[in-house]
Protein chains: 2
Amino acid sequence: MKKKAVINNNLPCKTEITAIKDTMEILSGKWKFHIIGTLSLGKKLRFMDLLREVDGIGTKMLSKELQDLEMNQLISRIVLNTKPVTVEYQITDFGKTLIPIIDEIAKWGIEYRNFVYKNKRRV
Amino acid sequence: MKKKAVINNNLPCKTEITAIKDTMEILSGKWKFHIIGTLSLGKKLRFMDLLREVDGIGTKMLSKELQDLEMNQLISRIVLNTKPVTVEYQITDFGKTLIPIIDEIAKWGIEYRNFVYKNKRRV
DNA sequence: GAAGATAGTTTCCTTTATGAAACTACTTTC
DNA sequence: GAAAGTAGTTTCATAAAGGAAACTATCTTC
């Protein structure tokens, strides 16, 4: 008989694995953290503002990523009745629930630098 | 004069953005969370064990991802003097510092499901 | 009327990621 | 000696992601 997975083959583990997959799919790609992080500072930003704030992104990717985030209700898109039209993007309350994740990840990245630096000195 | 980024154009923000990029690069790809999550349960696992635990992964990807993780000192690889050779993979103490991130992400994924479910009912 | 700003979309191209299958190389079991 | 288990690597192929540049369309300013 073929061997099977044991450790991950129970309901709590499977639920957690699925949850991680879901989250990472929603936050997938090169730019989502950057966009959410920028909007999480609380200001309403227009398309061109974001293009300037998110260093290196182009119009195509910005447009696509904003659509993804809006679809998942993490940001809101409001078209203003100005001429020419302006569009305001804003993080939603639900989007703000991502902030603890972003903070953990940023914190770890800084710890990682310290760790690498310490190891270099020791060797 | 061309407009420039304002919000993200200061040192604390840039440090945070870099830290997030670093972390996400280290954890990039379809399988790293899954592998670390499995090893974070504390047991030593061999290559074939991991192949069975990480549902869907193939030998090539597993081998590559394990190399990446070892290079970043998140897991350790120990070759045992058995015949045929067996290799034990284990999470390092440093690798364990990722657990809070993984927990936050899993927690959020579960909250996300609840949020989507609530919204469906309301509409 | 040309230039520049608003907010994107579309096209074409390159790079990166992923995967299935075959293969190496050694050892034990049937 | 064939089969199956150990731990991978290599090859070939496709899928997904990302990017540069051109383009639509409207409006304001010089």
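Every chain is numbered from 1, with letters handed out A, B, ... down the list of sequences.
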Contacts satisfying salt bridge (charged side-chain N to carboxylate O under 4.0 Å, His left out) that involve residues 8-30 of chain A (not counting sequence neighbours) are A:D22-B:R113
Hey, which of these two, A:K83 or A:W31, hits DNA chain D nearer its 5' end, going by closest nucleotide? A:W31
Taking atom C1' of C:dT10 as reference, at what distance in whole Å does atom CG of A:L62 sit? 16 Å
On DNA chain D, nearest-nucleotide positions of A:E65 versus A:P84: which is more 5'? A:E65
Ring pair (Phe, Tyr, Trp, His ring centres under 6.0 Å): which pairs involve residues 23-50 of chain A, sequence neighbours left out? none
Sequence neighbours excluded - salt bridge (charged side-chain N to carboxylate O under 4.0 Å, His left out) pairs with any residue from residues 71-92 of chain A: none
Could you encode protein contacts along nucleotides 8-17 of chain D as a string, one character per nucleotide from 5' to 3', using B for base contact, S for sugar-phosphate-only contact and - for no contact, with a heavy-atom cut-off of under 4.0 Å? SBBB------
Atom-pair distance (CG on B:D49; P on D:dT6), nearest Å: 8 Å
What about A:V6 and B:I91, same hydrophobic cluster or not, with Ile/Leu/Val/Met/Phe/Trp/Tyr joined at side-chain heavy-atom distances under 4.5 Å? no
Atom-to-atom span, CG of A:L45 to P of C:dT6 - whole angstrom: 13 Å
C:dA17 C1' sits how many Å from B:M24 CE, rounded? 15 Å
Euclidean distance, atom CZ of residue B:R46 to atom P of D:dG5 [Å, nearest integer]: 12 Å
Figure out the CD/P separation between B:E70 and D:dA7, and round it to whole Å. 15 Å
Write out all pairs satisfying salt bridge (charged side-chain N to carboxylate O under 4.0 Å, His left out) with one or both partners inside residues 32-42 of chain B, taking only residues at least two apart or from two chains. B:K32-B:E65, B:K32-B:D68
Could you state the CD-C1' distance from A:E88 to C:dG8, rounded to the nearest angstrom? 17 Å
Using a 3.5 Å cut-off and no angle test, enumerate the donor-acceptor pairs between side-chain atoms of residues 94-106 of chain A and protein atoms at least two apart in sequence or in another chain.
from: A:T97; atom 1: OG1; to: A:F94; atom 2: O; distance (Å): 2.5
from: A:T97; atom 1: OG1; to: B:W108; atom 2: NE1; distance (Å): 2.8

What is the distance, to the nearest angstrom, from the CE atom on B:M48 to the P atom on C:dT27? 18 Å
